Amino acid sequence: EDAAYTGTFLSLMLGVGILVTVLVTVAVRHLPVPGLHPRAAIVLVAVSPLLVGPVMTSRFDLWPALLAGLAIAIAATGRLRIAAIVLGLAIATKAWPAVILPILVAAAWRRAGRRAAVVVLLLAVATAALVLAPFLVLAPGGVIATLTEQLSRPLQVESLGASLLFVTHFLIGLPLSVVSSFGSQNIDGELASALAIGSSLAMGVGLAIVWVRFARSAGDAARLLTAAAAAVAVYIAFGKVLSPQYVIWLLPIVPLVPGRRGLVAIGLYAIVLLATVGYFPSGYQALVEQRDVHVAWSLLVRNVALAALAIELIVPWERVGAWVDALRTDPAARARLAARVPSPGTLFVLLFVASLLIRALWLAKPDGSLIFDETYYVNAARVINGFAVPEQAPYATATPFLDPNMEHPPLGKALIALSMSIFGDQAIGWRLPSIATGMLSIVALWSIVNVLTRRPWIALLAATLL
């Protein structure tokens, strides 16, 4: 039975994949939108099974992606009511296409007024409700639980925030706790929870920017296609859950973005697909078990490329280009910009404060344990102070009040010992001297470069790199 089901499912997804190819091919050739890229779009969709790998045919996400892409293409032709019905079907299949609905509503309002916008909204909601009605009648608790569980999910291991934690783990030994819950592997802990909240806020802000900018625009087909792609990209890139099949959602949408922005988006999306197959499924278990740094970097590249794709679709490049041209040709514009830019000294103060805060926030991480050479220096400081040294630790049997680490200069150990005598045998006592000397080095480098070059901006760059 399992083999029969797998074969049937594979056949269905292959059929949906063919429909996606047909949709993109027809759309880029016949939509009344200038600046589409038929060759690049068709090539991307044609080779996507190779770029995505087995996840394309082992998940059903091609189906809602097809419906969402079809709704966007129909909306670009001006048939917003039909597009709303198709989008309602997509939302009933999987909730994420709902991020496109405000764009359709805004487009209807812009073209035909408030009443048309209300009709589009009601059509999409009614269509989704009609599909979900039997499930709500038979098992209302299950439907509600599905929605509430999605909202309460923790930081999933493949999200942007999690990839940053994995790379940090391999770079400096940050301890991570991976747990299985909500049908996925997630990262537990206060830092992971904070990143989950931060990423959700970033997603909300990004979606609001996309919706508001489109609502204030002319609402033409080119902007509609771009805004729809931006909304989905933001939802994927900055969500606290990012399963590998999520990247499939963009397959029928990104190729429809017009202009040079569209070419860049296609290139970034290809990188996203390649990086995804680079770690999934072959490296997923190694990632969860925290034993392969290359998989962690591949995941980070994928997520950074996704974030770059979302930002590239959001940024108003036309305004940026006009602003750059004005700076190049208008001395008054350059003078106005110079008046608004803070002085290098002010920026250095901000840099100093930010650096201090970042170091202070990480002062007690990892909790209660030493990192790398701290094993030697902190235990040497314990001996110098006459504090107890844990069994099996370096210098556990050394003579108290004498430096047992004679192979290294004494100043660093003496500073740590002094700090521990004041603040105790804990993280702040171990690391406060490092923070103080690190911050002093930033000030010293800023001062030296500033004196030697007499160029505060060069000094600021040097301090920033440090």
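Here the structure is a predicted model, which is why all the values come from computation and not from measurement.
The shortest side-chain heavy-atom distance between V210 and I314 falls under the 4.5 Å cut-off. Side-chain atoms of Q156 and S243, non-hydrogen and from C-beta on, do get closer than 4.5 Å to each other. At least one side-chain heavy atom of P244 sits less than 4.5 Å from a side-chain heavy atom of E158. Looking at T276 and V52, their side chains never come closer than 4.5 Å, going by heavy atoms from C-beta outward. For the pair L306/L160, no side-chain contact is recorded, criterion being any heavy-atom separation below 4.5 Å from C-beta on. Taking the side chain as every heavy atom from C-beta outward, L347 and W457 approach each other to under 4.5 Å. At least one side-chain heavy atom of R431 sits less than 4.5 Å from a side-chain heavy atom of E374. With contacts defined as side-chain heavy-atom distances shorter than 4.5 Å, the pair K94/F60 qualifies.
Applying the side chain to side chain donor-acceptor pair (under 3.5 Å) test to D188 and every residue at least two apart in sequence or in another chain returns nothing. With sequence neighbours excluded, no residue satisfies side chain to side chain donor-acceptor pair (under 3.5 Å) with R260.
No donor-acceptor pair under 3.5 Å is formed between the side chain of R81 and the backbone N or O of A116. A donor-acceptor contact shorter than 3.5 Å is absent between the side chain of S298 and the backbone of V295. Between the side chain of Y269 and the backbone N or O of L251 there is at least one donor-acceptor pair closer than 3.5 Å. Under the 3.5 Å distance criterion, the side-chain polar atoms of T453 are matched with a main-chain donor or acceptor of R455. Of the possible donor and acceptor atoms, one in the side chain of S200 sits under 3.5 Å from a partner among the backbone N and O of A196. The main-chain N or O of V99 is found under 3.5 Å from a side-chain atom of W211 such that the two form a donor-acceptor pair. In this structure, the side chain of H37 does not engage the main chain of P258 through any donor-acceptor pair within 3.5 Å. Using a distance-only test at 3.5 Å, with no hydrogens or angles considered, no donor-acceptor pair links the side chain of H169 to the main chain of P175. In this structure, N303 contributes its side chain and S159 its backbone to a donor-acceptor pair below 3.5 Å. R153 contributes no side-chain N or O that, together with a main-chain N or O of V241, makes up a donor-acceptor pair within less than 3.5 Å.
Residue-environment remark: CZ (F182) exceeds the threshold of 12 foreign heavy atoms within 6.0 Å.
Sorted by first and then second residue, the side chain to side chain donor-acceptor pair (under 3.5 Å) pairs involving residues 12-33 (not counting sequence neighbours) form an empty list.
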Set out, in order, the CA-CA distance, both residues' side-chain angles and the distance that settles side-chain hydrogen bond (donor to acceptor under 3.5 Å, both in side chains) for S343 and T346, then state yes or no.
CA-CA 5 Å; S343 67; T346 302; 3.0 Å; yes
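Taking the six-membered ring for Trp and the full ring otherwise, the centers of W249 and Y246 sit less than 6.0 Å from each other. In this structure, F348 has its ring center closer than 6.0 angstrom to the ring center of W446.
Scanning both residues, S180 and Q185, for their nearest heavy atoms gives OG-NE2, 3.3 Å.
Ring pair F280/Y284 is perpendicular by interplanar angle, where above 60° counts as perpendicular and below 30° as parallel.
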